[in-house]
Colleague: 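The structure is given below, and queries will be raised subsequently.
Quick caveat, the model's predicted, so the values are computed rather than measured.
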Amino acid sequence: MQVSISTRRFARHRPRSSAFVLALVTSLASAQESMLPEVTVTATPVSSTLPDIDAARASVSTVPGGANVVDAEQYKDGRVSTLSDALQFSPGVFIASRFGAEESRMSIRGSGLQRTFHMRGISLLQDGVPLNLADGSVDFQAIEPLAARYVEVYRGANALQYGSTTLGGAVNFVSPSGLTAAPFDARVEAGSFGYRRAQVSAAGQTDAMDWFIAGSQFSQDGYRDHAQQDTQRISGNIGLRLNRDVETRFFMTAVKTNSELPGALTAAEMRRDPRQADPSAISGDQHRNFDLYRLSNLTTVRLNTDQRLEFGAFYSYKSLFHPIFQVLEQKSDDYGVNARFVSERPLGGNRNRFVAGISLAEGTLSDNRFVNVAGHAGARTTETEQNSNNFSLFAENQYYFLPKTAFVLGAQFTEAKRDLVDKFFADGADNSVDREYRHTSPKIGLLHELSPDIQLYGNLSGSYEPPTFGELAGGPTVTPVDAQRATTIEVGTRGLYKQGWGDWRWDLSVYRARVRDELLSLNDANGNPLGTRNADRTIHQGIEAGLEANIGSRWTMRATYLLNDFRFDGDSVYGDNKLAGVPRQVAKAEILFKPGHGFYVGPNVQVASSSWIDHANTLQAGGYAVYGLKFGQQVTPKFSWFVDARNLGDKTYAATTGVIADAAGADSRQFYPGDGRSVYAGVEWKY
C-alpha cells in the first residue's frame, strides 16, 4: 500500500509537531500494510522452441496468404486415426484415406496430383523437422495426430519460413511441451472393423528444463479384405533453458508400422462388393512395412527483445520392406541443418518484420528390387544408390508503410541435386541419372489489418519442385524430367468477429496458379504411355474456405468448402481437359449442440462432386455424400468420452482413385472404396 501526503505547509506553520505527525502517518501506513493479504505473482514459463497455440495464431495472422492453425483439442472430440481425421476442417486441404488406414491421398492447390501414395508436393513436418525424404517423398505413418498440440498449415508459397518451395506448401505438427501438457494423459479408442488405438503421455518440468513423452499403439482389421494394420510410435522432447535468453530442445521419434494393402477395384467390383481386395494384392501379399527413427534439435537464442536466432539439425533413418507388383527393400539416411534470423525491430519508426534463413539437407537411399513371389523377394530386378542434396536460402521482409498496411517482399533460392547410380544394368542398360536444379522464386504481397482480429491479404509468388526419384526413374524409358514450377496469384481474408451472441472465425482464399512442366502421367500423341513426364502448361485455380461459429454457449458449427479447377492449357494431346485426381468440389460441415454439463451432440456431412480418373477424361468416379453423428461429454476437466458414428447410410463410394493418362473409357482397377457404416468410441483421462 502506498500513502502520499504533502507536509511542507504543515511543517512551515507547526515545525515542532512535524516530526510527530510524520511518525504517526508512517505507523498508520505500516499497520494498514500488515493487515493486507500477501500477494504472490508467478510467471508461467514460455517455450521459445515450442510456442503455445496463441503464439502460433498470432504468427499466422502476419502471413499475407493462406495459412491457419488447427487446434488438436477440436479434432480430439471424435475418432483420431488418420490425417483426414485431424485436417478435415482445415481450409484448402484435400485428404482422403485410401482404405480406412493411415495411408492417404493428400493435396493442397493440386499438389502431387500424380501421387495416390507416398505423397510429394507438400512439406510434412513435425516440430519444424522435415518428415519428407531428401528427394521430397513422404510417408503418412510417420505422424501421430494424437501427439500434437496443434497443426500449422501454410498453403503454397506461404510456407517460406520452413524453406518449402512446392506448390502445396507445408503442414507442421507441433508437439506439446512439459510446460503445456498434462502430467499424465491416457486415451483409448475402439470400434468397427477391429479398430483399436491407445496412447499414453507424461510430462513434467523443473526450473531449468521440461520434458514430454508419448507412446501409442494402433491396430485394425480394416473394412476391406487384406487391410490389417499395426503401428507403434514413441515420440518426445526435452527442453533446456540454459539462461533467460537461450533455450535448446531435443526431439526424438520412433515408428514401427506394418500395413497390408488391399489395392484398388474396378467400379463394377466396388459396386458388387466394396470390401473385397484386388486379387493380385492377396496373391502377392502386398504390404508396406517400415521402421523409422528420427532425432533433432532446435536452439533459440534471443539477441534482444525483438531479435532472435534459431538453429536446427536432424537425422532420420528408415528401413522399408514393401511387396507390391515387385518387392522393394530400401534403407535411407537423411540429415540436415538450418538456421533462421527473425527481427521485429522497427524500421524508420514503423513496424517491420524481417526473416532470413538457410537450409541444407542430404539423403542417401539404397534401393533393391526383386520379383514378388507371394510377398517374398525372388530374383533381383534393380539395384540403385540414390543421393539427394537440397539447399535453400530465403528472406522475407514485412514493412508497415501505413500503421495497418504492410508491404511484403521475399525470395527463395533453391538448388537441388538428384544422383541415381544404377548398379544392376537390367537388360544391359545403364539407367543412372545425374541432374541438378536451380531456381529463384520471388514473392510480393500486401497485408491490411481491418482490426487486430481481421486481415485482408494478397500476394504474387513463385514455387519450384524438383522431381523425386519416383518421377526420375519412372516410365518405360529413362528420360529425366525437369522441375515443376508455377506462378500463383492469391487474395483472401481471415479473421475473428465477436458479438454478444457469439463469434465467427473465417478463412477465405482465392488463387490462380499458372504451372509449367507439371509432373504428370502422360501419353504421346499416338496414345502410347510415357510414364511421368512434364506437361507443357497447366492451370490450377480455386477457392479455399473455412468457417467456425460459436453461437451462445450451446451451438458450435464448423464447415469447409474447396473448389478445385485444375486443367491443361492448350496441350497438344489433352487440349484443355480437366486434370485427374481430385473432385472439383468438396464440402464438409458439422453442427454440435451443447445443452450443458460438458455434453455435445450433432450431425456431420461430407459431400464431393465427381472426379476424373484419367487425363483424357474418359473414366470418372461418381460424387458422394456421407453422413455421420457424434456425441460425447467433457465430464470434468480430467475425464471425457465420445461416440463417433460414420457413413450412417452405408454408402458405397470411392474415397479416392488412382490417376492414369487414358482409360479409353474402359472400367479399370483405380477405385479405392471408402469405409462402410461404422461406430467408434473412446475415453480420455488426464491428471
Side-chain angles (χ1 to χ4, degrees), residues 53 56-57 59-61 63 65-97 102 104-112 119 121-126 131 138 140 143-159 161-162 164 166-174 455 457 490 492-496 504-511 542-549 556-564 582-583 585-590 592 604-608 628 630 655-656:
I53 190 170
R57 283 175 170 157
S59 178
V60 160
S61 69
V63 176
N68 64 283
V69 174
V70 179
D71 188 346
E73 293 304 313
Q74 287 186 323
Y75 63 69
K76 287 180 181 179
D77 62 6
R79 189 197 79 168
V80 183
S81 177
T82 67
L83 293 194
S84 179
D85 295 333
L87 299 177
Q88 60 181 319
F89 289 107
S90 182
V93 179
F94 173 81
I95 184 166
S97 175
E102 295 170 318
S104 300
R105 177 80 183 279
M106 184 173 177
S107 178
I108 298 177
R109 299 186 175 179
S111 64
M119 180 194 71
I122 299 172
S123 295
L124 197 62
L125 309 108
Q126 183 168 7
L131 293 171
V138 66
F140 292 97
I143 282 289
E144 173 56 81
L146 282 175
R149 174 59 191 92
Y150 59 87
V151 187
E152 299 172 321
V153 181
Y154 294 90
R155 306 189 293 274
N158 301 301
Q161 64 174 308
Y162 288 119
S164 175
T166 62
L167 179 66
V171 178
N172 183 36
F173 286 77
V174 181
Q455 297 94 38
Y457 56 77
E490 172 187 9
T493 176
R494 61 174 165 260
L496 174 64
W504 297 81
R505 187 185 297 275
W506 70 89
D507 188 315
L508 174 64
S509 294
V510 180
Y511 70 92
I543 299 172
E544 305 162 334
L547 178 66
E548 179 182 332
T556 296
M557 187 268 283
R558 291 185 291 174
T560 60
Y561 171 75
L562 181 59
L563 173 66
N564 302 309
V582 297
Q585 298 184 77
V586 181
K588 301 177 184 179
E590 175 183 80
L592 294 179
N604 54 74
V605 62
Q606 177 176 336
V607 181
K630 182 191 300 180
T656 189

Colleague: So, does Tyr154 use its side chain to make a donor-acceptor pair with the main chain of Val63 at under 3.5 Å?
Modeller: no
Colleague: To the nearest 0.5 Å, what is the distance between CG on Leu592 and NZ on Lys630?
Modeller: 6.0 Å
Colleague: Hey, is the main chain of Gly546 close enough, under 3.5 Å, to the side chain of Arg558 for a donor-acceptor pair?
Modeller: no
Colleague: Could you check whether any side-chain N or O of Ser104 sits under 3.5 Å from a backbone N or O of Glu102, counting only pairs where one atom can act as donor and the other as acceptor?
Modeller: yes
Colleague: Donor-acceptor pair, Ser123 side chain versus Ala170 backbone, under 3.5 Å?
Modeller: no
Colleague: Nearest 0.5 Å, what's the CD1-CZ distance between Ile122 and Arg155?
Modeller: 11.5 Å
Colleague: Step by step, would you call Tyr561 with Gln585 a side chain to side chain donor-acceptor pair (under 3.5 Å)?
Modeller: CA-CA 7 Å; Tyr561 171 75; Gln585 298 184 77; 2.6 Å; yes
Colleague: State, to 0.1 Å, how close Ser107 and Val582 come at their nearest heavy-atom pair, and which atoms those are.
Modeller: CB-CG1, 4.4 Å
Colleague: Output the distance between atom OH (Tyr150) and atom CG (Asn68), rounded to the nearest 0.5 Å.
Modeller: 13.0 Å
Colleague: By the definition side chain to side chain contact (heavy atoms under 4.5 Å, CB included), identify the one residue from Thr656, Leu87, Val138 that meets it with Met106.
Modeller: Leu87
Colleague: Of all the heavy-atom pairs spanning Val153 and Ser90, show the shortest one and how long it is.
Modeller: CG2-OG, 3.5 Å
Colleague: If you measure from NZ on Lys588 to OG on Ser84, what distance do you get to the nearest 0.5 Å?
Modeller: 4.5 Å
Colleague: Looking at every non-hydrogen atom in both residues, tell me the closest pair between Thr560 and Gln88 and how far apart they are.
Modeller: OG1-O, 3.8 Å
Colleague: Indicate yes or no for a side-chain donor-acceptor contact from Thr493 to the backbone of Gln455 under 3.5 Å, with no hydrogens or angles considered.
Modeller: yes
Colleague: Is a side-chain donor or acceptor of Glu544 paired with a backbone partner of Gly66 at a separation under 3.5 angstrom?
Modeller: no
Colleague: Please check: side-chain N/O of Asp85 versus main-chain N/O of Ser81, any donor-acceptor pairing under 3.5 Å?
Modeller: yes
Colleague: Rounded at 0.5 Å granularity, tell me how far CZ in Phe89 sits from CG in Leu547.
Modeller: 11.0 Å
Colleague: Would a 4.5 Å heavy-atom cut-off, applied to side chains only, mark Trp506 and Pro91 as touching?
Modeller: no
Colleague: Just by distance, do the side chain of Arg494 and the backbone of Val60 share a donor-acceptor pair under 3.5 Å?
Modeller: yes
Colleague: I need the minimum non-hydrogen distance between Ala96 and Ala655, along with the two atoms involved.
Modeller: CB-O, 3.5 Å
Colleague: What is the distance from atom CZ of Arg105 to atom CE of Met119, rounded to the nearest 0.5 Å?
Modeller: 11.5 Å
Colleague: Would Val151 and Tyr75 count as a side chain to side chain contact (heavy atoms under 4.5 Å, CB included) if you check the C-alpha gap in whole Å, the side-chain angles of each, and the deciding distance to 0.1 Å?
Modeller: CA-CA 11 Å; Val151 187; Tyr75 63 69; 4.2 Å; yes
Colleague: For a side chain to side chain contact (heavy atoms under 4.5 Å, CB included) check, start with the C-alpha distance between Ile108 and Leu167, then their side-chain angles and the critical distance, and finish with the verdict.
Modeller: CA-CA 8 Å; Ile108 298 177; Leu167 179 66; over 6 Å; no
Colleague: Considering all heavy atoms of both residues, which atom of Arg109 and which atom of Gly156 are nearest to each other, and what is their separation?
Modeller: NH1-CA, 4.2 Å
Colleague: Minimum heavy-atom separation for Ala86 to Val70, with atom names?
Modeller: O-CG1, 3.7 Å
